[in-house]
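Below is one structure; the comments refer to it alone.
Just so you know, these numbers use all the heavy atoms, side chains as well, and skip hydrogens, waters and symmetry mates.
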Amino acid sequence: MTKKIITGIKEFYLIPTIACFLISIPLILSRSDYQDDMYRTTSGYTDFWFENARPLAVWIYRIINQGHITPDISPLSFILSLIIILISGLIISDVTFNNKNLKICSTILFFSSPFLTSILSYKYDCLTVSIAILLAVIYGTYQTKRKILLFTIRMVLIFSIFCIYQPVISLVLGLIGLTIINQKNGVYETIRSILEKTSPIAISFIVYKKTISDIFLNEYFKVQGKIISPDMAGLRLMKENIIGYIHVINNFLLEPYVITPLILCSVYAIINLITIKDRKLIISVIAATPFIFFSFVSCNVILQNAAFQAREILGFPIIFICIMKIINAKQKPRLLPIVFILTSGVFITNTVVSYTYLNFKDEMARRDLSITNDIKSTLNHYGIDNIKRINIIYSKTPYTDKQSNMATAYPIINNMIHDNGFSNLWYAKAYISEIYGIKIPMTESLSSSDLSGYKTCSSNSSFNHGTVTLSIVKNCNL
């Protein structure tokens, strides 16, 4: 008997761990700095998170690095993040299911998300976000009969999540929905449970806004973080935001290995709801649906200036786990193969996407190094001592043929990597000034009438009154 239990535990942990490792290899192998990391690795400075109203994120890295300077500690940051994500998935599965196979499938589905991979690809953000995810899981699963203690713990957890990475609230909403289905209560008990779970979020948000957000956010992020107005115009904007996030999600969801078993499982779940004649289950599913939906599309749909980035959609896997829970309502072993097919389809697709994503990132780094070398050649051509300013013309940096091939095969990569390239002044400064140390003032403009002064494989330029004006183009294959 003891041997059986030990074997069961080993299988429960071993299979998800191997699956998580297979998906995470691209993150561990990746050595190229990605977007924000380009500034952080060269400066060792993470205090800009204060301007995002994420002070706890700053202090996490200060504690880890024993000071204000925060050097690049990857792949340690990736490894720690993956361990935390795996633990989070195991907790959710253990609380939600009794069946060992369902626990394994649920854990694998939890971390088989390209949206999670997108945020974990940041060398610095990955660790803080994974900690916020673990806090969200604790919020959604921890229970005690001591109501005041439970309320206090939930307040602290939610406030901490706001101070680390706000979009993780999407996952909190999804876990509230999953808990409602798990508890399977009557109408009044369900309403009370919803109030108990959502009131700490509302109160924590008000406290966070007054004590952190209003004080720390810079003007740019205050504009980006504005919530839509509670009127018809606001509802129309929310509808547009929902459509925008669904478009991003569909780039992964409509992959054949994902959508086919998902439709099959959804049909079985609906049939179960209709035939099982369990009033409490139906009430629970109805009550949980709004939470699961907003977790699925991202809580950022309420923002006036939604960014539609993959890294914001962190509640995505919860819908799969909820469908599994409804399918298993009758606890019939014959339905397990359907769940296994869904898990396999999502896992295989996300694994292939993850590896393609690594190659895309590496190709982007190679392309940008080539562009930088061309820019150096341009500066040398005009005479480095003569140049007082670099002006970048705003236009999307062309993909290489390899990048185009990968993005065509898996469109979700365009949403995962958010490739600004040298068309974006922020990105250009990071690459040219921070990484390669070309300390010449840089500006950007929308157009230029004449760029026939000097051409390279990746740029056209002109020189006038100490200013080199550059447009990043594709004159030849890099």
Side-chain angles (χ1 to χ4, degrees), residues 27 33-78 80-81 84-85 115-136 139 156-172 204-205 207-227 298-300 303 305-307 309-314 417-418 420 424-427 429-431 433-435:
L27 294 174
D33 291 334
Y34 175 50
Q35 290 194 331
D36 295 7
D37 292 333
M38 291 186 288
Y39 284 99
R40 296 165 188 167
T41 55
T42 56
S43 66
Y45 183 76
T46 56
D47 283 12
F48 56 83
W49 272 326
F50 283 127
E51 297 183 6
N52 291 97
R54 299 172 188 168
L56 272 183
V58 177
W59 283 103
I60 287 170
Y61 266 99
R62 286 186 181 179
I63 292 168
I64 291 171
N65 290 288
Q66 305 173 66
H68 288 264
I69 303 299
T70 53
D72 178 7
I73 61 170
S74 65
L76 178 60
S77 55
F78 293 134
L80 292 175
S81 300
I84 293 170
I85 295 297
F115 311 106
L116 182 60
T117 303
S118 177
I119 188 62
L120 293 184
S121 63
Y122 288 86
K123 291 179 178 179
Y124 285 76
D125 292 79
C126 63
L127 184 54
T128 54
V129 171
S130 62
I131 290 171
I133 286 172
L134 179 58
L135 296 180
Y139 183 95
V156 172
L157 290 171
I158 286 294
F159 187 80
S160 299
I161 290 169
F162 277 124
C163 292
I164 296 174
Y165 191 66
Q166 300 90 339
V168 172
I169 296 298
S170 296
L171 178 59
V172 174
S204 293
F205 174 73
V207 174
Y208 167 77
K209 190 174 186 311
K210 296 298 182 183
T211 61
I212 302 294
S213 177
D214 288 350
I215 297 171
F216 285 96
L217 279 180
N218 63 27
E219 290 306 315
Y220 173 79
F221 288 115
K222 281 181 180 178
V223 172
Q224 296 302 307
K226 280 187 176 180
I227 296 174
S298 170
C299 62
N300 282 3
L303 298 180
N305 299 288
Q309 293 187 14
R311 63 185 184 182
E312 304 168 11
I313 310 172
L314 295 176
I417 205 150
H418 197 60
N420 290 314
N424 181 282
L425 180 62
W426 179 90
Y427 186 97
K429 280 183 176 179
Y431 220 89
S433 180
E434 294 296 320
I435 293 183

message: Run Lys209 and Leu217 through side chain to side chain contact (heavy atoms under 4.5 Å, CB included) and show every step you take.
response: CA-CA 10 Å; Lys209 190 174 186 311; Leu217 279 180; over 6 Å; no
- prompt: So do Leu120 and Ile85 actually touch side chain to side chain, heavy atoms under 4.5 Å?
  reply: yes
- prompt: Between Asn300 and Pro167, is any pair of side-chain heavy atoms under 4.5 Å apart?
  reply: yes
message: On a heavy-atom basis, which atom in Ala307 and which in Glu312 lie closest, and how many Å separate them?
response: CB-OE2, 3.1 Å
field: Close side-chain approach of Leu127 to Ile84, heavy-atom, < 4.5 Å
entry: yes
task: To the nearest 0.5 angstrom, please state how far the NZ atom of Lys222 sits from the OG atom of Ser213.
output: 8.0 Å
- prompt: Looking at residues at least two apart in the chain, or sitting in another chain, which of them share a side-chain contact (heavy atoms from CB on, under 4.5 Å) with Val223?
  reply: Asn305
query: What's the spacing between Leu134 CG and Ile131 CD1 if we round to 0.5 Å?
result: 8.0 Å
Identify every side-chain donor-acceptor pair in residues 49-57 under 3.5 Å, counting partners at least two apart or on other chains, and give the distances.
residue	atom	partner	partner atom	Å
Glu51	OE1	Asn218	ND2	2.9
Arg54	NE	Gln166	OE1	2.8
Arg54	NH2	Gln166	OE1	3.3

- prompt: Taking C-beta and beyond as the side chain, do Ile133 and Leu116 meet within less than 4.5 Å on heavy atoms?
  reply: yes
- prompt: Which atoms form the tightest heavy-atom contact between Phe115 and Ala310, and what is the distance?
  reply: CB-O, 3.3 Å
query: If you round to the nearest 0.5 Å, how far is CG of Leu314 from OG of Ser118?
result: 9.0 Å
query: Of all residues at least two apart in sequence or in a different chain, which pass the side-chain contact (heavy atoms from CB on, under 4.5 Å) check with Ile215?
result: none
- prompt: Quick one: OG on Ser74 to CG on Asp37, what's the gap to the nearest 0.5 Å?
  reply: 8.0 Å
- request: Return the minimal non-hydrogen interatomic distance between Gly225 and Leu303, and the atom names on each side.
  value: O-CD2, 3.6 Å
query: In chain order, what residues pass the salt bridge (charged side-chain N to carboxylate O under 4.0 Å, His left out) check against Lys226, with sequence neighbours excluded?
result: none
task: Mind checking the CD1-OG spacing from Ile119 to Ser81? Nearest 0.5 Å is all I need.
output: 10.0 Å
Partners passing side-chain contact (heavy atoms from CB on, under 4.5 Å) against Asn65 (at least two apart in sequence or in another chain): Tyr61, Thr70, Pro71, Ile73
query: Mind checking what makes ring-ring contact (aromatic ring centres under 6.0 Å, His included) contact with Phe162, not counting sequence neighbours?
result: Phe205, Tyr208
Contact list for residues 159-169, test salt bridge (charged side-chain N to carboxylate O under 4.0 Å, His left out), sequence neighbours left out: none
- prompt: With sequence neighbours left out, which residue pairs that include part of residues 120-130 fulfil the side-chain hydrogen bond (donor to acceptor under 3.5 Å, both in side chains) condition?
  reply: Asp33-Lys123, Gln35-Tyr122, Arg40-Asp125, Asp72-Lys123, Ser121-Tyr357, Tyr122-Arg311
Residues that Phe48 engages under ring-ring contact (aromatic ring centres under 6.0 Å, His included), provided they are two or more places apart: none
message: Just so I know, are the side chains of Ile64 and Leu80 near enough to count as touching, which here means a heavy-atom distance under 4.5 Å?
response: no
